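Here is the structure we will look at.
The structure displayed is predicted, hence computed values, not measured ones. Each chain gets a letter, A, B and so on, in the order the sequences are listed, and its residues count up from 1.
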2 protein chains.
Amino acid sequence: MTDHAHAFCCPDHSGAAPAEAILAQAEARARARGARLTPVRRRTLEILLEAHGALGAYDVLEKLAAEGYGTQPPVAYRALNFLVEHGLAHRIRRLNAFTACTHPGEDHRAAFLICAQCNSVTEATAPELSRALHAAARTAGFTIECSTIEALGRCSACTPA
Amino acid sequence: MTDHAHAFCCPDHSGAAPAEAILAQAEARARARGARLTPVRRRTLEILLEAHGALGAYDVLEKLAAEGYGTQPPVAYRALNFLVEHGLAHRIRRLNAFTACTHPGEDHRAAFLICAQCNSVTEATAPELSRALHAAARTAGFTIECSTIEALGRCSACTPA
DNA sequence: GCCTTGACTGTTATGATATAACAACAGATA
DNA sequence: TATCTGTTGTTATATCATAACAGTCAAGGC
Ligand SMILES: [Zn+2]
Ligand SMILES: [Zn+2]
Ligand SMILES: [Zn+2]
Ligand SMILES: [Zn+2]
């Protein structure tokens, strides 16, 4: 499990309310792009939303399998990749894991803040950051297609006051 | 092979000269930190420096093994992790690969520009970028310990004029 | 001198992550 | 109906990474 059991660690998951709103947004976004949020895909997104922190593909697979979906790795990877391609989830490379996008619909270039203590992953929208990266790339004559920004450290809940 | 054979693709490797300078810097830096740049470790760094683009651990292992060093994965991973820990190499997470640091000695937080066409990896020092990331984190009450910034796209050599 | 210690290198074995290739099916379309 | 496309599922395999243990060697204490 890439997950963890700690309570009240993830600011974004302190209430269950936003999950439904995010699912509705996701549904709308998928439809708008001509993509189908099929049962496995939707359930995969729900699983990510239910999780505190990011989940590994095999963690997701375990849950899907237990619910009667396919039992083999491609089932999870396909659903996860679909979600990532459509901006409904993000891949956290440092963790070899995935997390639901906390604000789908917006066209965002986010940075991920990974808490080394409670494993929570916070998605920080940072337009300035994106701008700085593009500027640095331009200086090198490099054209960015996509980027990954991840930081490891302590979240606010895990930082002693 | 994570490597590639394309000629004149990597601006940083167009001449062989800098490699020796970097090795000398690396040696100095290691000694200054009380670390030993042993034969395997040094050779591993050389292998990374000789490579265009980043190399996977098993690519490095293959070369080490061919030269009489150990033949098993831990040999490569240990040397690579040593180099990363001492700032002499970097891990490129998107590629599951490693690249030599092109300017060891400086205490830098770099961004990596990965060319999707020629596989070259350019290390861009970007103080503003680092500053923006720390600012974004601070807003979220997050304290950064270390960070990863990687961009995928086209390098200058692979961009049609 | 000789023994202990700690860092280093090598091994075997295993674990964790990810994809290729193929078969079956369902809804859309002509 | 026949066909096409996208989706799901499977088996098998590839790729990346680490745990645990054994042998080597040089430095420092006795
Ligand atoms: Zn997002
Ligand atoms: Zn935390
Ligand atoms: Zn560097
Ligand atoms: Zn290129």
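As a whole-Å value, the separation of Leu61(B) CG from dG10(C) P is 10 Å. Taking atom CG on Asp59(A) and atom P on dA16(C), their separation rounds to 11 Å, with Å as the unit. Here the C1' atom of nucleotide dT9(C) and the CZ atom of Arg42(B) are 19 Å apart, to the nearest Å. If you take CD of Glu85(B) and P of dC8(C), they are 11 Å apart, rounded to a whole angstrom. A straight line from CG of Leu95(B) to P of dA18(C) spans 14 Å, rounded to a whole angstrom. A straight line from CG of Leu83(A) to P of dT7(D) spans 12 Å, rounded to a whole angstrom. Spacing between atom CG of Leu37(B) and atom P of dC8(C) amounts to 11 Å, rounded to whole angstrom units.
Looking at residues two or more places apart in sequence or on another chain, you find no side-chain hydrogen bond (donor to acceptor under 3.5 Å, both in side chains) involving Arg109(B). Remark: Arg78(A) pairs with Pro74(A) by the side-chain contact (heavy atoms from CB on, under 4.5 Å) rule, at least two apart or across chains. Contacts of Ala124(B) classified as side-chain contact (heavy atoms from CB on, under 4.5 Å), with partners at least two apart in sequence or in another chain: Leu113(B).
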May I have the list of side-chain donor-acceptor pairs in residues 23-31 of chain A shorter than 3.5 Å, sequence neighbours left out?
residue: Gln25(A); atom: NE2; partner: Pro104(A); partner atom: O; Å: 3.0
residue: Glu27(A); atom: OE1; partner: Arg42(A); partner atom: NH1; Å: 2.3
residue: Arg29(A); atom: NE; partner: His86(A); partner atom: O; Å: 3.1
residue: Arg29(A); atom: NH1; partner: Gly105(A); partner atom: O; Å: 3.2

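Here salt bridge (charged side-chain N to carboxylate O under 4.0 Å, His left out) pairs that include residues 91-100 of chain A, with residues two or more places apart or in two chains, number zero.
Look at Thr71(A) and you won't find any side-chain N or O under 4.0 angstrom from OP1 or OP2 of dG9(D). Side-chain N/O atoms of Arg36(A) include none lying less than 4.0 angstrom from OP1 or OP2 on dG27(C).
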Please list, pair by pair, any protein nitrogen or oxygen found under 3.5 Å from a nitrogen or oxygen in nucleotides 17-26 of chain D.
residue: dA17(D); atom: OP1; partner: Arg91(B); partner atom: NH2; Å: 2.7
residue: dA17(D); atom: OP2; partner: Tyr77(B); partner atom: OH; Å: 3.0
residue: dA17(D); atom: O5'; partner: Tyr77(B); partner atom: OH; Å: 3.3
residue: dA17(D); atom: N7; partner: Tyr58(B); partner atom: OH; Å: 2.7
residue: dA17(D); atom: N6; partner: Tyr58(B); partner atom: OH; Å: 3.3

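For Leu95(A) against Ala54(A), the heavy-atom pair with the smallest separation is CD1-CB, 4.2 Å.
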